[in-house]
Structures are given as structure tokens and as C-alpha cells.
Trainee: 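Just dropping this structure here.
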Amino acid sequence: MKEKMVKKDCGKGVVFLDRDGVINRDSPDYIRSVSDFHFIPGSAEAIGKLFAAGLDVILITNQSVINRGWVTEEKLSDIFQHLCQGVALFGGKIKDIFYCPHRPDEGCSCRKPGPGLFFQAEKKHGMDLSESIMVGDSAKDMQAAEAAGVGRKILVKTGNGQKDMAFLKKNGPLPDYLAEDLADAVDRILSGSVFSCKKY
Ligand SMILES: [Mg+2]
């Protein structure tokens with residue numbers, strides 16, 4: 001395992017981000033349109049900082065709203081475009097977005113906690129998953145990253161983070177770092193200490 005991750009020297013790793021509850025406020029009614037999408041303060045700026053540091057950012061997100069028939073692919077694409085525009089205001093860029101459209105009952109391998117989306121990303125971009133970092137707000141994010149062999153996992157307290165940390169303490173896998181929010185997670189990543197810190 002790499003000792004630490006340093007700006008401009010990220011090896012072949014990338015930073016994977018979940019969307020809802022990490023970048024934008026989650027909603028029990030799901031995010032169905034651009035008007036439902038609200039950035040968590042500091043998150044778009046944080047992605048800008050990752051980009052400025054030379055790190056690739058890839059979104060990995062469950063979007064069962066597609067196969068539930070609640071959101072069209074076109075509407076989802078509008079929401080992603082809105083997200084990317086918000087990030088661009090801070091000079092940031094999302095390298096790619098991988099989403100799972102399936103409902104939980106479809107039994108696919110790409111819906112987190114399955115690792116499939118990470119493997120899709122690896123196949124397309126050839127990053128080293130063991131040198132990569134996943135930032136998520138749910139147990140499913142941590143489980144999926146663990147199953148895919150992602151090197152480091154950060155849980156943010158926003159979204160489901162607080163609730164799911166209690167679950168993870170009992171059941172694992174534990175995150176390497178418990179962050180206040182994405183801005184805090186990015187500060188930790190850019191300080192190089194995520195790869196050198198002790199396991200949570
Ligand atoms: Mg989430």
C-alpha cells in the first residue's frame with residue numbers, strides 16, 4: 001500500500017465520489033430534477049481543489065430512480081450537467097460518471113454495495129483501485145469500495161453518514177477517516193494524510 005497520497009503524485013489512483021449526501025443534499029423523495037438538487041456548502045469548491053491538485057474525480061452513484069420510472073435518462077443527464085456546471089464555477093471538472101439504474105430487486109452487481117461500478121470505471125480508465133479513494137455517506141459506499149479493493153475509504157457525516165457510522169462500527173467495513181463533509185474529506189486527501197493515517 002502506498003505510504004501517502006500527495007498532490008500531483010497520486011500514482012494511478014483517482015478520487016471516487018458518491019453523489020447524494022456527499023455533493024448535494026439527499027432527499028427521502030429522491031432527487032428527481034435540477035430543482036431538487038442543492039449543493040452541500042463547500043462541496044463544489046472542494047471538487048475544484050481536487051482538480052487543481054491534479055486528481056481525477058469520478059462519480060459512482062446508485063440511481064434506481066431510472067428503472068423505477070421516476071426519472072428519465074434525459075432528466076438525470078440534466079441533473080449531472082447542473083452538477084458539473086456548479087463544479088466548473090470553482091474550476092473543477094468531473095472526469096466521468098458511472099451510475100447504476102437498477103432497482104434493488106433486480107439483483108445487479110453494479111448497485112452499491114456491489115462493486116460493479118468501480119470495475120466499470122477501472123475497465124474504461126485503467127486506474128489503480130488500490131491507490132484510489134472513495135468518499136461516501138453510506139454503509140453501501142464503504143461496502144462497495146471494500147469489495148472492489150479501493151485503497152482508502154472516507155465516510156462523510158453529511159447525508160446518511162452519522163446514522164451509517166453506527167452501523168459500520170458494528171458490522172464494518174470501517175472507513176479510514178470520518179469527515180465532517182466533503183470539504184473536510186478533500187482537505188484530508190490533499191494533506192496526504194489519508195494514505196498515511198492509521199485505520200479509523
Ligand atoms: Mg449517498
Side-chain angles (χ1 to χ4, degrees), residues 14-34 36-47 50 57-68 70-71 75-77 79-80 82-84 86-87 92 94-104 106 108-118 120-121 132-148 150 152-169 171-186 188-189 194 200:
V14 304
V15 179
F16 291 108
L17 301 180
D18 174 45
R19 194 192 76 179
D20 304 328
V22 175
I23 298 173
N24 56 286
R25 297 200 188 287
D26 206 354
S27 164
D29 298 323
Y30 297 84
I31 309 302
R32 301 181 188 221
S33 67
V34 167
D36 292 335
F37 187 96
H38 304 288
F39 279 101
I40 292 170
S43 68
E45 188 173 7
I47 296 171
L50 288 173
V57 176
I58 293 181
L59 298 199
I60 294 279
T61 173
N62 286 351
Q63 293 298 328
S64 64
V65 285
I66 296 294
N67 280 12
R68 290 179 204 266
W70 296 342
V71 175
K75 266 248 165 103
L76 182 63
S77 162
I79 296 169
F80 285 138
H82 177 73
L83 186 164
C84 291
V87 168
I94 307 280
K95 186 181 176 78
D96 210 343
I97 298 172
F98 294 86
Y99 68 88
C100 166
H102 306 108
R103 299 183 310 272
E106 291 181 270
C108 66
S109 62
C110 52
R111 183 177 164 82
K112 294 175 285 184
L117 293 177
F118 292 101
Q120 286 177 24
S132 298
I133 298 171
M134 172 64 182
V135 184
D137 73 309
S138 75
K140 279 183 284 197
D141 294 321
M142 301 298 105
Q143 291 162 338
E146 178 88 358
V150 174
R152 286 291 185 269
K153 302 179 292 297
I154 298 178
L155 187 76
V156 290
K157 291 183 186 172
T158 50
N160 295 307
Q162 303 258 29
K163 172 173 68 72
D164 280 19
M165 187 60 201
F167 172 88
L168 291 167
K169 274 184 179 164
N171 303 287
L174 286 172
D176 297 284
Y177 180 59
L178 180 62
E180 291 301 318
D181 54 16
L182 181 57
D184 179 29
V186 166
R188 178 59 69 119
I189 290 168
V194 166
Y200 181 85

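Read the numbers this way: they start at 1 and go in the same order the structure lists the ligands and their atoms.
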Trainee: So which atom in Pro175 and which in Leu168 form the shortest heavy-atom distance, rounded to 0.1 Å?
Mentor: CD-CD1, 4.4 Å
Trainee: For the atom pair CG (Asp36) and CG (Asp26), what is the distance rounded to the nearest 0.5 Å?
Mentor: 11.0 Å
Trainee: Regarding Asp18 and Lys112, does a basic nitrogen lie under 4.0 Å from an acidic carboxylate oxygen?
Mentor: yes
Trainee: Is the closest side-chain heavy-atom distance between Tyr177 and Arg152 below 4.5 Å?
Mentor: no
Trainee: Give the name of the N/O/S atom in Asp20 that lies closest to the Mg ion (ligand 1).
Mentor: O
Trainee: Report the atom name of the nearest N/O/S atom of Asp18 relative to the Mg ion (ligand 1).
Mentor: OD2
Trainee: Among the N/O/S atoms of Asp137, which is closest to the Mg ion (ligand 1)? Give the atom name.
Mentor: OD1
